[in-house]
Engineer: 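Starting off with a structure, shown below.
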Amino acid sequence: MTLMNASVYLCNDTSLGCSCGDCPSSSVCAAPEPSPPSKDPCAIRIGSLKVRCVDFSLAILYIVLVFVLFGWALLQRRRGRRRLESSVEPLLNDRVGEGSSFSHLPKDGNHHVEVQQIDPQGQNVVQFSFVQGCLSSFYRTYGRWAARKPTIVLCSSLAIVVLLCLGLLRFEVETRPEKLWVGPGSKAAEEKDFFDSHLAPFYRIEQLILATIPESKHDKPPSIITEENIELLFEIQEKVDGIRANYSSSLVSLSDICLKPLGEDCATQSILQYFQMDPDNYYDYGGVDHAEYCFQHYTSTETCFSAFKAPLEPTTALGGFSGNNYSEASAFVITYPVNNAIMKVGDENGKAIAWEKAFIQLAKEELLPMVQSSNLTLSFSTESSIEEELKRESTADVVTILVSYIVMFAYISVTLGDTPHPSSFFLSSKVLLGLLGVLLVVFSVLGSVGFFSAIGVKSTLIIMEVIPFLVLAVGVDNMCIIVDAVKRQPSNLPVEEQISNAMGEVGPSITLASLSEILAFAVGSFVSMPACRVFSMIAALAVLLDFLLQITAFVALVTLDFVRAKDNRIDCFPCIKLNRSSVEENEGEFSGVLEASKQQIQFSPVEDQEVHAPFLGLRVVKILVIAIFLGFTLASIALCTRIEPGLEQQIALPRDSYLQGYFSNISEYLRVGPPLYFVVKDYNYRLINFIALSVLV
């Protein structure tokens, strides 16, 4: 034996590089420096009121604009009075007493002069812009041609849409959250694809969260670390181990798919690991006392090691505690890591998905009643839960969509038809026309989805939920406008001329309005988020197809319907023709619902019917409207600064989904966050091409 002649270093010496577990006094284990305080946005104090600089600036700007508006209005009023006095007063002085029509006007200048340009036939002359004039001329010519050949127009337009609908054979719905919300060319997607292709993708997470219920809202929930609750946890674990899911005529259990880092035991993250997942060890090791002992010695005592021979940190299995007071935990967090695959080719995760469906069914039917009978709450989730819930949401809205289309069909049938009359109802009704108009809207949606499906674009669930309502609203508007314009034409004109005049009247407005809607959706196709981009593209094409069908197929249908009515054929059964004498007795006693209201406005006193436009024409009302609009605009700009970026998964899920409670418990109890990876590429460390470090946040 000889004396050791060597230097002894403290464990916190930087040359040793000891970890925090071996040397808590190491410099790297010191508490990190506190982050610098966040800078508050610029604010101005007005007494006890604190106002943001942006809000204050916009308020000052609004006050200035309102004063400028009022000043401009007063100036215009004075100029108008002076101009009126200088132009009308000399004329009145010269003409009064000479029998002119101005002799009854007062000389104070406080009167209104209305001028209306009238053509020789007594009709108002409408001044069109160059674009509107060209469109009106085109639609007059096109409307006359379409009314003469309605069958060709109808068949050709429907043939094109049906051809687009053939793309539905390749229809696929994208329900994976990462493919919906992250663009394929984004940096996050590229880094994840690199990690998944070179290393294994992050394992699938199946989770259960049991929590105690406080006696009142303001009370602290009691501890869940009790003998009864741990025994309940063993019963739950026994049922989970007994799951046998059917996949390709084979039974799949948890041990077949779970992550096994060491040996043949699953790396389940549960407090039961302190007893090696064996209920016989519960009393042998000392029950609750042993678990509380392992909370502090999980890395040093062999009996505290898990069944897969690794220490289990309490923060991964417990929740609802402060600091290191694990005994005060109010929730058990049970996590089952399951092997994952990239799933680019084939269905490598088929076994895991089959087991996850059986796991959710077990949790709903058996585990939830067990936990609730013990006065606890249970929330659960699997890797495929979000995708499955999104699919369920899409199928649940089918009934709503069908009901809405039926309601709109009834509305169109009543609105497009004429005032009901017993003897002429079967001729004047527009039930068949309304039904075919709604079908045209459906064809436009299917054609748009079919086109993008044919070129390989996967649809999203929001398309099936929103676009049908959107296109239906646009289509109904155009149908009512076209039919109303045709009804306003003189009945003595041929049907071709009625269609021509109606299309020349409303064609430009329909075209410009539809073009603005199409461009508005087309701009959304430049958004990087896949869900928004695909929605915008399909919506833009659907509105375009709906517009084209309205001016082609629907115009042809309107022509055929008016020909049917003039030929005394019954609506919905055009093969049946009524007797001419019974129809002529009631001819002229009814008019369309829309036409009746317009005739009532036309022949009723002006002061009783024309209310809205004259009211908006008042100078005070115009100033108030502009001032209110400016106020809302500036208020919107101020509130835009308070928008918080982010996407909460709970918003995208149904309100009755079991995942709503799960996400709430995750934010409240879970102490372990998503994995954080550091990947170093092209680093030649002997034979290793890259190094990957993973950290649990």
Engineer: Would the number of heavy atoms belonging to other residues, nucleotides or ligands and lying under 6.0 Å from NZ of K622 be above 12?
Structural biologist: yes

Engineer: Would you give the length of the straight line joining atom CD1 of I467 to atom OG of S459, rounded to the nearest 0.5 angstrom?
Structural biologist: 8.0 Å

Engineer: What residues, two or more places apart in sequence or in another chain, satisfy side chain to side chain donor-acceptor pair (under 3.5 Å) together with S536?
Structural biologist: none

Engineer: First locate atom OH of Y62, then atom CZ of F67, and finally report the distance between them rounded to the nearest 0.5 Å.
Structural biologist: 11.0 Å

Engineer: Per the side-chain hydrogen bond (donor to acceptor under 3.5 Å, both in side chains) rule, which among R144, Q489, R148 passes with S500?
Structural biologist: R144

Engineer: Counting N and O atoms only, with roles assigned by atom type, does the side chain of E517 sit under 3.5 Å from a partner on the main chain of V543, one being a donor and the other an acceptor?
Structural biologist: no

Engineer: Rounded at 0.5 Å granularity, tell me how far CG in N501 sits from CD in E496.
Structural biologist: 11.5 Å

Engineer: Can you sort out the partners of C165 under side-chain contact (heavy atoms from CB on, under 4.5 Å), two or more places apart, ordered by chain and number?
Structural biologist: V161, L168, F443, L446

Engineer: Side chains of T511 and Y139: do they bring a donor and an acceptor to under 3.5 Å?
Structural biologist: yes

Engineer: Does any N or O in the side chain of T141 come within less than 3.5 Å of the main-chain N or O of S137, such that one atom is a donor and the other an acceptor?
Structural biologist: yes

Engineer: Kindly determine whether L166 and L163 satisfy side-chain contact (heavy atoms from CB on, under 4.5 Å), including the steps that lead there.
Structural biologist: CA-CA 5 Å; L166 295 178; L163 184 63; 3.9 Å; yes

Engineer: Rounded to the nearest 0.5 Å, what separates atom CG in L74 from atom CZ in F70?
Structural biologist: 8.5 Å

Engineer: Can you name the side-chain contact (heavy atoms from CB on, under 4.5 Å) partners of N492, sequence neighbours left out?
Structural biologist: P490

Engineer: Salt bridge (charged side-chain N to carboxylate O under 4.0 Å, His left out), that's the test. Do E505 and R488 meet it? Break it down for me.
Structural biologist: CA-CA 11 Å; E505 178 183 346; R488 289 199 302 266; 2.3 Å; yes

Engineer: According to side-chain contact (heavy atoms from CB on, under 4.5 Å), who are the partners of L436, at least two apart in sequence or on a separate chain?
Structural biologist: L432, L439, L557

Engineer: Atom CG of L549 and atom CG of L440: how far apart are they, to the nearest 0.5 Å?
Structural biologist: 5.5 Å

Engineer: I want to check something: taking the side chain as every heavy atom from C-beta on, are F547 and I551 in contact at a cut-off of under 4.5 Å?
Structural biologist: yes

Engineer: Run the side-chain contact (heavy atoms from CB on, under 4.5 Å) test against V153 and tell me which residues pass, sequence neighbours left out.
Structural biologist: Y142, W145, A146, T552, A556

Engineer: Ignoring hydrogens and angles, tell me if any N or O in the side chain of S448 forms a donor-acceptor pair with the backbone of S444 under 3.5 Å.
Structural biologist: no

Engineer: Which residues pass the salt bridge (Lys or Arg N to Asp or Glu O under 4.0 Å) test with R533, not counting sequence neighbours?
Structural biologist: none

